[in-house]
Peer 1: 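Pasting a structure below so you can have a look.
Convention: sequence-line order gives letters A, B, ...; per-chain numbering from 1. Computed from a prediction, not measured in an experiment: that's the story for all the values here.
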2 protein chains.
Amino acid sequence: MPNPRSLVILGAGAWGSALALTATRSQEASRQQVQVWGRRPPYIEEAAASSSLSVFTDLSALADALKAASLGVVAVPTQELRSFLTDVLLPPHLPLLLTSKGLELQTGLLVSEMVASLGLPNPIGFLAGPHLASEVRKGQPTRGTCAAQTLEWAQTMASAFHGPMFQLTPWADLIGVQVAGALKNIFAVASGLLVGAGVGDNGRAAFLTLGFGEMQIFGQALGAQPETFMTQAGLGDFMLTCYSPLSRNFQFGFKLARGEHPDPRAPLAEGFFTAQAIQKRAVSLGLKMPALDKLVHVLAKPAPPLSEIETLITETRS
Amino acid sequence: MPNPRSLVILGAGAWGSALALTATRSQEASRQQVQVWGRRPPYIEEAAASSSLSVFTDLSALADALKAASLGVVAVPTQELRSFLTDVLLPPHLPLLLTSKGLELQTGLLVSEMVASLGLPNPIGFLAGPHLASEVRKGQPTRGTCAAQTLEWAQTMASAFHGPMFQLTPWADLIGVQVAGALKNIFAVASGLLVGAGVGDNGRAAFLTLGFGEMQIFGQALGAQPETFMTQAGLGDFMLTCYSPLSRNFQFGFKLARGEHPDPRAPLAEGFFTAQAIQKRAVSLGLKMPALDKLVHVLAKPAPPLSEIETLITETRS
């Protein structure tokens, strides 16, 4: 990428805003301009105070900004990404750093697979890690993984955000990082289910360990490198997500175990649908994922009793 | 081992008692007698109700029981183990299943290394997993790993406890399981430190991920198999211990970050001393463990400020 650089961040929700502020604190901050586009006026009061950060909502201005950009950073919710990328005119050579975790639920595709299915020729990267947006926004110390098809691209993209308080390791496995970012949500649902049912901390750690192993099996079948699951985007994000009681996925599992009949669509508990999509894909790949199978079975009940939830630990064949 | 079997459990604290009850619920329960020996009258009211479980405190009766035993299960606190094993007359062919996690702090040895240093010729196994004693006692669903020098020994020893609610996977890597059981305590101290200082959940997951990686490096230098760290005794116990706010190790770190000057000796925060012992051994092995080094540096301060604790995330070179 040239210097000075022009970053355009697509999406001004909590995550896009946090990333924009992070870019203004990066090692490259003095040499880059950051523009944030959002459908609604973005949630960044700090923008007024920084000459290198600007925000806008105009869709025609977005096309111009992208034409002049050296990196596009996509912070649009995963389930809205396809229609967004179809609507926006992306210059074909603009490198895109994806930051939306999870699967496209309708198709079961990883985000990079969905981008490929649209025929977009842009170089692709993926940023992930244990990244609660609220902490990143405040500049609390954080580490993460920035993956791309090549290590060179990963390094270039990472440098737009890398700084003392937000450190990124460049990584060359785009698939593994995305698999980890999608499948952790499944096990966060399981974590909530086990806590809600009072199965205990032993059983919870046991099931999460089985789940982590199956995540690796699934990832490797898709071509992921085994070491990717030991990075911040792998183990780090898995632990954060599964042990964070505030996530929608955990909350959905917790309420389901309490017999509260939560709706997985609102608020969206992605892990619930991801579990079904991954199971389907695992079957077509001929993979055995008994912990996932058992979880999908339990999640199919509208109010699974404790005796049923316990079978996650007692009846999963490993 | 012959059937009917005679199990002698050495140590009647919370863990020995939980294991004794587990043995009476195992798949082999109807074919095994369980005797629990403790210095103090053991904490097992249930013993009176079960004809296959008995408890005793007499040291001379212990020698006789061991002579007739088919498996000795050692549930004595790790730091008392050397003097205990020196005092008790162990028949040389009696297989011993060790269950005391952690290092011998005075020597920096793994428990199996300490047993070898005593010249004991007994076959050795090691039982570990995410095992809060209180949950195991109640029969809540649990999984774990039973390691020995050979898979056959591991299977035989596991069968004394394995049952629907307490499932054990036999495993042939004795070293890896012990390394995981010792080093998790170090990172539980770090977890408490980071939570106590308010560094945030992102940073905590990030440091634990670095620590888990260094645990693998250290283990492999000692001859552990990489896959061992993905078992219940590896990842499972690591997650349980690091995310459990009630452990002594977590509490020590938490109070240290709050400026409360806790004493690591009482109650014993093993992770504090384990960190120093592992660092010494890593140096002698020529290993690089930058996260551990940084942690030992921070733990050397009587009241490390937030700015110092943050360097665990920001200044560890990975």
Peer 1: Verify, without hydrogens or angle tests, whether B:Gln140 (side chain) and A:Asn202 (backbone) share a donor-acceptor contact under 3.5 angstrom.
Peer 2: no
Peer 1: Hey, are the side chains of B:Thr314 and A:Pro141 touching, using non-hydrogen atoms and a 4.5 Å cut-off?
Peer 2: yes
Peer 1: Would you name the heavy atoms of B:Leu240 and A:Tyr243 that are closest together and state the gap between them?
Peer 2: N-OH, 4.3 Å
Peer 1: Would you name the heavy atoms of B:Thr209 and A:Gly236 that are closest together and state the gap between them?
Peer 2: OG1-CA, 3.0 Å
Peer 1: As an exercise: rank A:Gly198, A:Gly200, A:Gly203, A:Pro164 by heavy-atom pairs under 4.5 Å with chain B and give me the winner.
Peer 2: A:Gly200
Peer 1: Quick check on the interface: out of B:Phe212, B:Phe166, B:Phe229, who has the most heavy-atom pairs with chain A under 4.5 Å?
Peer 2: B:Phe212
Peer 1: Of all of A:Leu312, A:Thr169, A:Asp237, A:Thr316, which one pairs up most often with chain B through heavy atoms under 4.5 Å apart?
Peer 2: A:Thr316
Peer 1: Flag the one option from B:Glu310, B:Arg204, B:Glu315 with the top tally of heavy-atom pairs under 4.5 Å to chain A.
Peer 2: B:Glu310
Peer 1: Flag the one option from B:Gln232, B:Lys138, B:Met165 with the top tally of heavy-atom pairs under 4.5 Å to chain A.
Peer 2: B:Gln232
Peer 1: Does any non-hydrogen side-chain atom of A:Met230 lie less than 4.5 Å from one of B:Met230?
Peer 2: yes
Peer 1: Taking every non-hydrogen pair under 4.5 Å, which of A:Thr231, A:Thr142, A:Val136 racks up the most with chain B?
Peer 2: A:Thr142
Peer 1: Kindly give the heavy-atom pair with the smallest separation between B:Pro130 and A:Ala206, and that separation in Å.
Peer 2: CG-N, 4.2 Å
Peer 1: For the side chain of A:Glu135 and the backbone of B:Asp201, is there at least one donor-acceptor N/O pair under 3.5 Å apart?
Peer 2: yes
Peer 1: If every non-hydrogen atom of A:Met239 is compared with every non-hydrogen atom of B:Leu208, which pair is closest and at what distance?
Peer 2: CE-CB, 3.7 Å
Peer 1: Quick one: does A:Arg143's side chain have a donor or acceptor within less than 3.5 Å of a partner on B:Phe207's backbone?
Peer 2: no
